[in-house]
Amino acid sequence: MKKEGEIEFIKDGKRVDGRRFDELRNIKIEVGVLKRADGSCYFELGDNKVLAAVYGPREMHPRHAQDAKMAVVKFRYNMAPFSVDDRKRPGPDRRSVEISKVSREALDPVILREYYPKAAIEVYVEILQSDAGTRTAGINAASVALADAGVPMRDLVSSVAVGKVGGEIVLDLNAVEDNYGEADMPIAMIARRNTITALQMDGNLTKDEFEKGLKLAMKACQQIYELQRAALIGRYNKDESAKSKDRGT
Amino acid sequence: MYKIVIPGDLVSDDAKRAGEGTYVEDGKVYATTYGVVDDKGEIRVVAFSGKYLPTRGDVVIGKVVEISFPYWIVDIASPYEARIHMSEISTRGGKRIEFGDMNAILDLDDLVAVKVLNVDALMRIDLGLKEDLHIGRGNGRLIEVPPTKVPRIIGRKGSMIRMLKDKCNCFIFVAKNGRIWIKGKTKDIKLASEVILMITKEAHTSGLTDRVAEFLNSVKTER
């Protein structure tokens, strides 16, 4: 393993993969890719490949976990054994249980759970290929899949990570930057209202760096939101997907 | 062309017109679901997909999944199970039903056309049998479509469904929960379900009734 500092993260103002500091990786979104699920979405963020499926609202099992006032959201984040370089041992582990919980809480504030008392809304996120930032890709995919399933929501959630590598604050870390960088901070937010629904941080940032990163993330979430929106609208409306800008605030 | 919205889209500035599929915040109306805007009268967002939520008075098709005295537990394609109380039947025929006889009247997997009598806050759903529409066993086909497409299949004042019944020579019963019972010759059933599938796929487009008519006529001449 290489140690921190051995890699040249920044070269001529560009990052290891040639991106600018505030540049996202390529994003591809496909809606309704699974026939059996009530809603689904395939999401690519650079080399991350993520599949999200939503079932429900449907009856909640086990019964004792029902909530008499609102629906319960279940979220499962799972990595395929072939999603990483060394085979990942299948099944839930400490990391994926944590990500499931965090992702669920990132989506909870937008889902109108009180419409379906006692029911369950199940979200399954499968990571097919991983290249850092899978939890943000998972949240983006889940948000689109929920909309596709017809689940009533206040808004969509968009998510992106920022971090610090080679002393610079950069957007949307890739695997190398994530593994050997100085800090990584995934953020989920309701882009339209600039409301943060989830924020985690690994590593250390100063207050100024934090604020700079937050600003980058907010701008990027706005871009991701537009892509999510275009994917949903474009599915039914091929010609009108271009003019996705006409929305109020 | 209909306007497509996603959750959180602004649909109106007039909070008084907020209808189904919307929510109001700071005096403005936003969409809650991914669907099509209908702004005749109150502003509604007609969802593309979603589960059936029963309301009192709906007529639905249910399937008996459990018999637990004195109720039949019925699946009505909704997140919640519904039940028919035994008294619903004994008040009709006049004959008393004994404990062991329940499956003789309605057995597991039987299909019934039922009316939603009541839905309480805990989403307990009481059903009553609709006398004239007790769906028999065999000879027919049950198809399921998203319940949000049901109004489109019926059409304005029943124009679409009338045409379908007419052209396909079928008995078609469309229930509120998106279940459709088709009875007729096998060939006719096949055509009817094909057309219904086409309607659900193109429900968000305009001029659909005309296109369906055209399609049905072209099939007719082929034969």
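Note that the structure is predicted; figures quoted are calculated from it, not measured.
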Is it true that A/Asp22 and A/Lys219 make a salt bridge, defined as a side-chain N closer than 4.0 Å to a carboxylate O? yes
Validation row: B/Asn103, B/Leu108 side chains within 4.5 angstrom (heavy atoms): no
For B/Arg56, I'd like to know if atom CZ has over 12 heavy atoms of other residues, nucleotides or ligands within 6.0 Å. no
Check each atom of A/Leu156 against the heavy atoms of chain B and say whether the ones under 4.5 Å are side chain, backbone, both or neither. both
Are B/Asp39 and B/Arg17 ion-paired here, with the side-chain N under 4.0 Å from a carboxylate O? no
Toward chain A, the part of B/Glu25 with a non-hydrogen atom under 4.5 Å: side chain
Between B/Asp188 and B/Lys167, does any side-chain N to carboxylate O distance fall below 4.0 Å? no
Residue by residue, which of residues 53-80 of chain A have a heavy atom closer than 4.5 Å to a heavy atom belonging to chain B? A/Gly56, A/Pro57, A/Arg58, A/Glu59, A/Arg63, A/Ala68
For A/Asn26, does the CG atom sit with more than 12 other heavy atoms under 6.0 Å from it, leaving out its own atoms? no
Anything in residues 36-44 of chain A with a heavy-atom distance to chain B below 4.5 Å? Please list those residues in order. A/Asp38
When the 4.5 angstrom heavy-atom criterion is applied to A/Val110 and chain B, the contacting part is neither
Heavy-atom count around B/Lys176 NZ within 6.0 Å, excluding the residue itself: above 12? no
A/Gln200 vs A/Arg135, test: side chain to side chain donor-acceptor pair (under 3.5 Å). Steps then yes/no. CA-CA 11 Å; A/Gln200 292 183 295; A/Arg135 77 190 69 191; 2.5 Å; yes
Residue selection (most heavy-atom pairs with chain A, distance under 4.5 Å) from B/Pro79, B/Gly21, B/Gly35, B/Ala47: B/Pro79
Bottom line for A/Ala149: the part with an atom under 4.5 Å from chain B's heavy atoms is backbone
Using a strict threshold of under 4.0 Å (side-chain N to carboxylate O), is an ion pair present between A/Asp47 and A/Lys49? no
Find out whether B/Ile84 and B/Val114 are in side-chain contact, i.e. whether some heavy atom of one side chain is under 4.5 Å from a heavy atom of the other. yes
Report the C-alpha separation of A/Tyr124 and A/Glu126 in whole Å, then their side-chain angles, then the decisive distance to 0.1 Å, and conclude whether the side chain to side chain donor-acceptor pair (under 3.5 Å) test is met. CA-CA 6 Å; A/Tyr124 296 92; A/Glu126 296 289 325; over 6 Å; no
Name of the residue among A/Asp131, A/Thr136, A/Ile127 meeting side chain to side chain contact (heavy atoms under 4.5 Å, CB included) with A/Asn48: A/Asp131
Applying a strict 4.5 Å limit to non-hydrogen atoms, the region of B/Thr22 in contact with chain A is backbone
